Peer 1: 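Before I ask anything, here is the structure I am working with.
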There are 2 protein chains.
Amino acid sequence: MADKPRPKPGETREKLMEAALALVGKGRHFASLGIREVTRQAGVVPTSFYRHFRNMDDLGLQLVDELGLVLRRMMRDARSNVLQADKLIDESVGIFISHAQNNRSYFTFMAQGLAGESRAVQEGIRSEMRYFASELANDLRRLRVVEHLNDADLEMTCDLVVRSVAFSLTDVLGIAPDDDYQVDQVRKRTARFLQLIFVGAANWNR
Amino acid sequence: MADKPRPKPGETREKLMEAALALVGKGRHFASLGIREVTRQAGVVPTSFYRHFRNMDDLGLQLVDELGLVLRRMMRDARSNVLQADKLIDESVGIFISHAQNNRSYFTFMAQGLAGESRAVQEGIRSEMRYFASELANDLRRLRVVEHLNDADLEMTCDLVVRSVAFSLTDVLGIAPDDDYQVDQVRKRTARFLQLIFVGAANWNR
DNA sequence: TGCTCTTGTGTACAACTGTTCACATCTGTG
DNA sequence: CACAGATGTGAACAGTTGTACACAAGAGCA
């Protein structure tokens, strides 16, 4: 028997998730990944896969959970780093985009999952987006920048904001990571989207 | 591109494209389709595939072209059927959504392709969206509803509109085709998104 | 010490994959 | 008419796939 490096406890599970994410980051589509392919990338024997996941969809679902953590971290980061209220939009957008840059694989997975073939993954991601929108609504209420909007309209506004940002993040993913000029273009354009939306919200009286 | 002006309609070619689209409509993801799978669905022998496409990405690219036709038809439909200017948004959204309902497979393919693994398909779809946005800008200019916006701001506004509608169309795809209530919810919500954007545009003076 | 769980491994197999090749059929043009 | 080219077919290939099975090493516990 050849000596094995080390049989660590429960590390294989994470290796498999990272492997899938790595393949997605390399341009592959999650839906086209196979069990063998992932285990190969993880440096594990195919059979091990079944010790942790029932199938690929299962792995995808667990990735969605991890994605939730990433998003929450991003949100916390934005909340604690936005200093001036008048630069709220610019600074938040900057933070979101840099998170997308630093977690390309996760956000690529998110973008793929939105139209993915697993209904469960799809629903999971949409649920994360709804959560994000409702947290944003809370923040805006707290900052008293939208006092004239009723709850439903505020919720609608935040939903639109989140969708726009999400779409912009997929723009970033289509750009070479070091193409600072293009990334900056997306940043500016996204900020203007949000400004436009907030101008709309400020003048919203039905 | 237009490689078949003279020869008779290669029906196998279209059968293959329809087959791929049918599989996508059935919930499969385009990136996970195989050549054999598509030919089987088309009722054709695997070898025939190579008579018309070099590989799956090639087929995807040609589907993007067809998708362009669908989008153009949708646009023309909206232009000729919107009767009252004050109902422009509601009627347009209604038309877009019913087109999405009647061409579910195409729009599912579009949603998938936006984050797909073929950079070319991705770029093709984004290009269709840009075209759509620029046509919308023309229309708005013609209708004189945005006379105070400069070209760049108008273009930005239209881009945001197109993105929002596109996102909403993916919402529709996640709903059972006959769930009229939910579809109507999406319709109303999308219309409000656009109203919000246009209120923003109307009050946009930097 | 034994017993049972959990995790990881190696082997095996039938089914399926993409692609090639040689051959059949059809269609329009010289 | 014959012939060239486009289109479709079937058999064949080597490689990959998902999954089942039996087994080994360690952990926790009586």
Side-chain angles (χ1 to χ4, degrees), chain A residues 1-24 26-63 65-66 112 116-118 120-121, chain B residues 1-24 26-63 65-66 112 116-118 120-121:
Chain A
M1 307 283 209
D3 297 3
K4 278 291 149 190
R6 215 161 265 191
K8 279 190 171 180
E11 201 76 0
T12 304
R13 189 188 121 106
E14 284 168 16
K15 269 200 286 187
L16 286 171
M17 292 210 267
E18 283 168 19
L21 221 41
L23 288 169
V24 166
K26 278 200 166 307
R28 299 293 315 278
H29 196 293
F30 184 81
S32 74
L33 297 183
I35 288 177
R36 284 187 112 104
E37 197 178 1
V38 172
T39 55
R40 197 182 312 127
Q41 165 86 20
V44 171
V45 95
T47 343
S48 287
F49 183 90
Y50 297 98
R51 298 289 183 202
H52 305 278
F53 312 100
R54 250 167 316 160
N55 48 43
M56 267 293 162
D57 279 1
D58 191 14
L59 197 164
L61 272 181
Q62 311 212 25
L63 273 182
D65 290 343
E66 280 202 5
Q112 291 181 355
E117 63 185 351
S118 157
V121 167
Chain B
M1 290 266 173
D3 48 351
K4 311 201 65 84
R6 314 305 294 277
K8 82 160 200 174
E11 43 186 296
T12 301
R13 191 187 117 108
E14 283 168 16
K15 269 199 286 186
L16 286 170
M17 293 211 267
E18 282 168 20
L21 221 41
L23 289 169
V24 165
K26 277 199 168 305
R28 301 291 316 279
H29 196 291
F30 184 81
S32 75
L33 298 182
I35 289 177
R36 284 187 112 105
E37 196 179 1
V38 171
T39 56
R40 196 182 314 125
Q41 164 85 22
V44 171
V45 95
T47 337
S48 288
F49 184 90
Y50 297 97
R51 299 286 184 204
H52 305 279
F53 311 100
R54 249 169 317 161
N55 48 43
M56 266 294 161
D57 279 2
D58 191 16
L59 197 166
L61 272 181
Q62 311 212 26
L63 273 181
D65 291 343
E66 279 201 5
Q112 291 181 355
E117 64 185 352
S118 157
V121 167

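To find a chain, count down the sequence lines: A is the first, B the second, and so on, and within it residues start at 1. Predicted model, so just to flag it, every value in this text is computed and none were measured. Hydrogens, waters and symmetry mates play no part in the numbers below; they use all other heavy atoms, side chains included.
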Peer 1: Rounded to the nearest angstrom, tell me the gap between atom CG in B/L16 and atom P in C/dG18.
Peer 2: 13 Å
Peer 1: Find out whether B/V121 and B/Q112 are in side-chain contact, i.e. whether some heavy atom of one side chain is under 4.5 Å from a heavy atom of the other.
Peer 2: no
Peer 1: Round to the nearest Å and state the distance from A/L33 atom CG to D/dT16 atom P.
Peer 2: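 So the two atoms are 16 Å apart, to the nearest Å.
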Peer 1: Establish, with yes or no, whether the OP1 or OP2 oxygen of C/dT19 is under 4.0 angstrom from a side-chain nitrogen or oxygen of B/R54.
Peer 2: no
Peer 1: Where the side chain of B/T12 is defined as all heavy atoms beyond and including C-beta, which of C/dT19, C/dT17, D/dG8 is the nearest nucleotide?
Peer 2: D/dG8
Peer 1: Starting at CD of B/E37 and ending at C1' of D/dT17, how long is that distance when rounded to a whole Å?
Peer 2: 13 Å
Peer 1: Out of curiosity, B/H52 NE2 to B/D58 CG, how far, rounded to the nearest 0.5 Å?
Peer 2: 11.5 Å
Peer 1: For the pair A/E117 (side chain) and B/H29 (backbone), establish whether a donor and an acceptor sit closer than 3.5 Å, ignoring hydrogens and angles.
Peer 2: yes
Peer 1: Within this structure, what is the CE-to-P distance between A/M56 and D/dT17, rounded to whole angstrom?
Peer 2: 11 Å
Peer 1: Looking at CG of A/L33 and CG of A/L21, how far apart are the two atoms once the value is rounded to the nearest 0.5 Å?
Peer 2: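 Taking CG in A/L33 and CG in A/L21, the distance rounds to 10.0 Å.
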Peer 1: Which nucleotide sits closest to the side chain of A/I35: D/dG18, D/dT17, D/dT7?
Peer 2: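 Shortest atom-to-atom distance from the side chain points to D/dG18.
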Peer 1: In whole angstrom, give the distance that lies between atom CZ of A/F53 and atom P of D/dT19.
Peer 2: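 Taking CZ of A/F53 and P of D/dT19, I get 14 Å after rounding.
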Peer 1: Are any of B/Y50's side-chain N or O atoms less than 4.0 Å away from OP1 or OP2 of C/dT20?
Peer 2: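 Indeed not, no polar side-chain atom of B/Y50 lies that close.
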Peer 1: Just N and O in the side chain of A/H52: are any of them under 4.0 Å from OP1 or OP2 of C/dG8?
Peer 2: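 Checking A/H52 against C/dG8: at least one side-chain N or O falls below 4.0 Å of OP1 or OP2.
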Peer 1: How many Å lie between CG on B/N55 and C1' on C/dT19, as a whole number?
Peer 2: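 After rounding, the reported distance stands at 12 Å.
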Peer 1: State, yes or no, whether a side-chain contact exists between B/L59 and B/L63 at a heavy-atom distance under 4.5 Å.
Peer 2: yes
Peer 1: Donor-acceptor pair, A/E37 side chain versus A/L23 backbone, under 3.5 Å?
Peer 2: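 A pair under 3.5 Å: no.
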Peer 1: Under 3.5 Å between N/O atoms: give me all the protein pairs with nucleotides 9-12 of chain D, atom names plus distance.
Peer 2:
| residue | atom | partner | partner atom | Å |
| --- | --- | --- | --- | --- |
| D/dG10 | O6 | B/T47 | OG1 | 2.8 |

Peer 1: Just list the side-chain donor-acceptor pairs under 3.5 Å for residues 40-50 of chain B, sequence neighbours left out, or say none.
Peer 2:
none

Peer 1: What integer distance in Å separates A/R13:CZ from C/dT6:P?
Peer 2: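 The answer, rounded to whole Å, is 15 Å.
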Peer 1: Whole angstrom is fine here: how far is it from CZ in B/F49 over to C1' in C/dT17?
Peer 2: 13 Å
